Amino acid sequence: MPELPEVETIKESLKAKILFKKVKEADILCEKLIKYPEKPDFIKNIKDKKIKNLQRKGKFLILKLSHNYNLVVHLGMTGQLLYFNSHQSFDKHTHVLFNFEDSSQLQYNDVRKFGALWLVSDGWLRFVPGLSELGPEPLKKEFSLEYFQKALNKKSIIKYLLLNQKNLAGLGNIYVDEILFRAEIHPRRPSSELSDLEREKLYYTILEVLGEAIKARGTSVVNYMDGNSQKGEFQRHLKVYKRLGNPCYNCETPVERIVLAGRGTYFCPKCQH
DNA sequence: AGCTGTACCTGCAGGC
DNA sequence: TGCCTGCAGGTACAGC
């Protein structure tokens with residue numbers, strides 16, 4: 001489900017609800033999702049911890065807890081973090097419960113169970129797979145046009161490069177397709193062959209699409225919702241994603257689908273070169 | 001080094 | 001209704 005705009009929206013929606021709350025107890029219904037530590041230690045260590053801040057790094061959500069602990073959450077494809085004012089009924093897809101002192105509750109739901117949770121102290125954050133290898137945040141200064149132009153010099157198919165979290169953090173399948181459409185670049189182009197103009201256009205398109213998607217509170221295609229169970233709006237603005245066979249909004253040519261990097265890839269064969 | 005295929009899971013839509 | 005196939009926002013890993 002969740003790419004940068006979705007995780008950002010979840011983070012902000014939860015911040016308003018759970019900041020400074022104290023975890024009374026956690027309940028783990030599916031151990032598979034807890035990557036570290038083992039269930040008994042996870043439950044023991046999160047008890048009585050206070051949520052001091054919420055951060056997003058790429059597609060990771062990090063809850064900063066008291067005593068220098070961190071609850072790191074990756075939502076995989078279908079993970080949800082849902083907040084409720086009181087203990088709520090749940091179903092077979094609810095795998096972890098966080099109960100707060102004031103009897104409000106945070107539920108981790110995940111149909112496909114590709115998500116992951118870690119509870120680690122500050123010094124151990126770097127052992128969370130993928131977290132310390134993340135490239136720059138696209139909406140921060142660290143993601144400069146200069147940096148991006150250099151990154152594109154790698155000999156790599158452009159879609160593959162944009163999906164790789166080591167190059168920049170937070171893009172996923174939907175936004176990469178949408179960005180490449182708007183930048184009029186074919187997803188199979190070798191990145192090193194992009195002209196200076198194309199590189200610049202791509203750079204600003206990344207900022208533009210992510211900005212718009214955050215403003216729209218994310219994209220709800222299947223089951224994405226924020227911490228308050230609210231859907232996003234950006235699905236209304238998608239130009240190519242999941243539009244196989246439908247006419248391109250620019251030129252009416254039917255949108256095509258190929259498989260790249262193992263992912264369904266949608267593009268306009270006429271507009272994107 | 002980069003890329004493909006596969007694995008991990010479950011549900012849903014579409015074809016017959 | 002049921003069965004089958006393909007597809008789905010993620011990442012990791014073996015192997016070419």
Side-chain angles (χ1 to χ4, degrees), chain A residues 1-11 29-36 56-61 72-81 91-96 108-118 127-135 151-180 187-193 209-210 213-214 216-226 231-245 255-266:
Chain A
M1 121 170 101
E3 305 179 34
L4 188 153
E6 288 74 37
V7 182
E8 179 67 21
T9 305
I10 291 167
K11 183 200 79 185
L29 309 167
C30 177
E31 285 187 49
K32 175 194 183 332
L33 298 169
I34 307 293
K35 306 302 175 183
Y36 189 89
R56 180 193 55 74
K57 288 186 191 292
K59 301 172 192 172
F60 289 90
L61 187 64
V72 182
V73 182
H74 195 294
L75 299 163
M77 290 273 239
T78 52
Q80 300 174 326
L81 275 171
D91 62 20
K92 60 178 174 177
H93 301 307
T94 303
H95 307 308
V96 189
Y108 180 83
N109 298 342
D110 194 342
V111 169
R112 296 179 68 184
K113 299 184 192 169
F114 290 165
L117 296 90
W118 300 260
F127 295 116
V128 173
L131 186 58
S132 52
E133 293 94 59
L134 284 178
L152 288 171
N153 286 335
K154 287 184 194 173
K155 200 170 177 288
S156 175
I157 287 170
I158 187 61
K159 169 144 185 179
Y160 194 79
L161 185 144
L162 294 176
L163 281 175
N164 188 340
Q165 303 297 299
K166 292 173 185 168
N167 295 322
L168 70 163
L171 293 187
N173 204 35
I174 294 180
Y175 294 112
V176 167
D177 280 7
E178 292 299 311
I179 287 163
L180 289 174
R188 202 133 51 184
R189 280 280 292 287
S191 59
S192 55
E193 289 177 14
V209 170
L210 289 178
I214 290 172
R217 306 180 56 78
T219 303
S220 294
V221 175
V222 181
N223 71 342
Y224 161 70
M225 39 178 79
D226 71 10
K231 290 190 173 192
E233 302 288 341
F234 198 73
Q235 61 276 13
R236 299 179 188 176
H237 305 279
L238 298 177
K239 301 287 195 348
V240 283
Y241 182 75
K242 280 280 184 80
R243 293 195 63 246
L244 174 63
V255 170
E256 288 187 11
R257 178 186 184 276
I258 56 176
V259 175
L260 267 186
R263 318 299 301 276
T265 299
Y266 300 85

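The structure displayed is predicted, hence computed values, not measured ones. Per chain, numbering begins at 1; letters A, B, ... match sequence-line order.
- By the salt bridge (Lys or Arg N to Asp or Glu O under 4.0 Å) test, A/R189 pairs with A/E198, sequence neighbours left out.
- An OP1 or OP2 oxygen of C/dC7 is reached within less than 4.0 angstrom by no side-chain nitrogen or oxygen of A/Y241.
- In this structure, the salt bridge (Lys or Arg N to Asp or Glu O under 4.0 Å) partners of A/E8, at least two apart in sequence or on a different chain, are A/K11, A/R56.
- For the pair A/K59 and C/dG10, the criterion of a side-chain N or O lying under 4.0 Å from OP1 or OP2 is met.
- Residues A/L180 and A/P187 approach most closely at CD1-CA, 3.7 Å, considering heavy atoms.
- Minimum atom distance to the side chain of A/H74 is reached by C/dG10, of the listed C/dG10, C/dA8, B/dC3.
- Closest-nucleotide positions on DNA chain C for A/G264 and A/G130 were compared, and the one nearer the 5' end corresponds to A/G264.
- Taking atom C1' in both C/dG10 and B/dA1, one finds a spacing of 23 Å when rounded to whole Å.
- Here the P atom of nucleotide C/dG10 and the NZ atom of A/K166 are 17 Å apart, to the nearest Å.
- Nucleotides B/dC9 and C/dC3 place their P atoms 24 Å apart, quoted to the nearest Å.
- Separating the CZ atom of A/F127 from the P atom of C/dA12 is a distance of 16 Å, rounded to the nearest angstrom.
- With sequence neighbours left out, the side-chain hydrogen bond (donor to acceptor under 3.5 Å, both in side chains) criterion links A/T265 to A/K159.
- Within 4.0 Å (heavy atoms only), A/S192 reaches no atom of the nucleic acid at all.
- Here the C1' atom of nucleotide C/dG10 and the CG atom of A/L33 are 13 Å apart, to the nearest Å.
- Spacing between atom CG of A/L75 and atom P of C/dT11 amounts to 11 Å, rounded to whole angstrom units.
- Atom OH in A/Y175 sits roughly 15 Å away from atom C1' in C/dG10 (whole-Å rounding).
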Secondary structure of DNA chain C in dot-bracket form (Watson-Crick or G-U wobble, distances below 3.5 Å, | marking inter-strand pairs): .|||||||.|||||||
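- Checking the phosphate oxygens (OP1, OP2) of C/dC7, a side-chain nitrogen or oxygen of A/R257 falls inside 4.0 Å.
- If you measure from atom CD of A/E133 to atom P of C/dA12, you get 8 Å, rounded to the nearest angstrom.
- Using a 4.0 Å heavy-atom cutoff across all strands shown, A/R188 reaches no nucleic acid atom at all.
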Residues A/E6, A/Y175; criterion side-chain hydrogen bond (donor to acceptor under 3.5 Å, both in side chains); working and verdict: CA-CA 11 Å; A/E6 288 74 37; A/Y175 294 112; 2.5 Å; yes
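- Nucleotides B/dT4 and C/dA8, compared at atom P, are 16 Å apart to the nearest Å.
- Side-chain atoms of A/D226 and A/T9 form no donor-acceptor pair, as typed in the model, at a separation below 3.5 Å.
- A straight line from CD1 of A/I174 to P of C/dA8 spans 10 Å, rounded to a whole angstrom.
- Applying the ring pair (Phe, Tyr, Trp, His ring centres under 6.0 Å) rule to A/Y108 yields no partners; only residues at least two apart in sequence or on another chain are considered.
- Taking atom CZ on A/R243 and atom C1' on C/dC7, their separation rounds to 18 Å, with Å as the unit.
- Scanning for ring pair (Phe, Tyr, Trp, His ring centres under 6.0 Å) contacts around A/F60 gives A/H74, with sequence neighbours left out.
- Remark: A/Y36 pairs with no residue by the ring pair (Phe, Tyr, Trp, His ring centres under 6.0 Å) rule, at least two apart or across chains.
- Look at A/R263 and you won't find any side-chain N or O under 4.0 angstrom from OP1 or OP2 of C/dA8.
- With sequence neighbours left out, the side chain to side chain contact (heavy atoms under 4.5 Å, CB included) criterion links A/T94 to A/L29, A/F90, A/D91, A/L97, A/Q107, A/N109.
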Counting primed atoms plus P, OP1 and OP2 as sugar-phosphate and everything else as base, spell out the protein contacts along nucleotides 4-11 of chain B at 4.0 Å heavy-atom distance: B, S or - for each nucleotide, 5' to 3'. B---BBBS
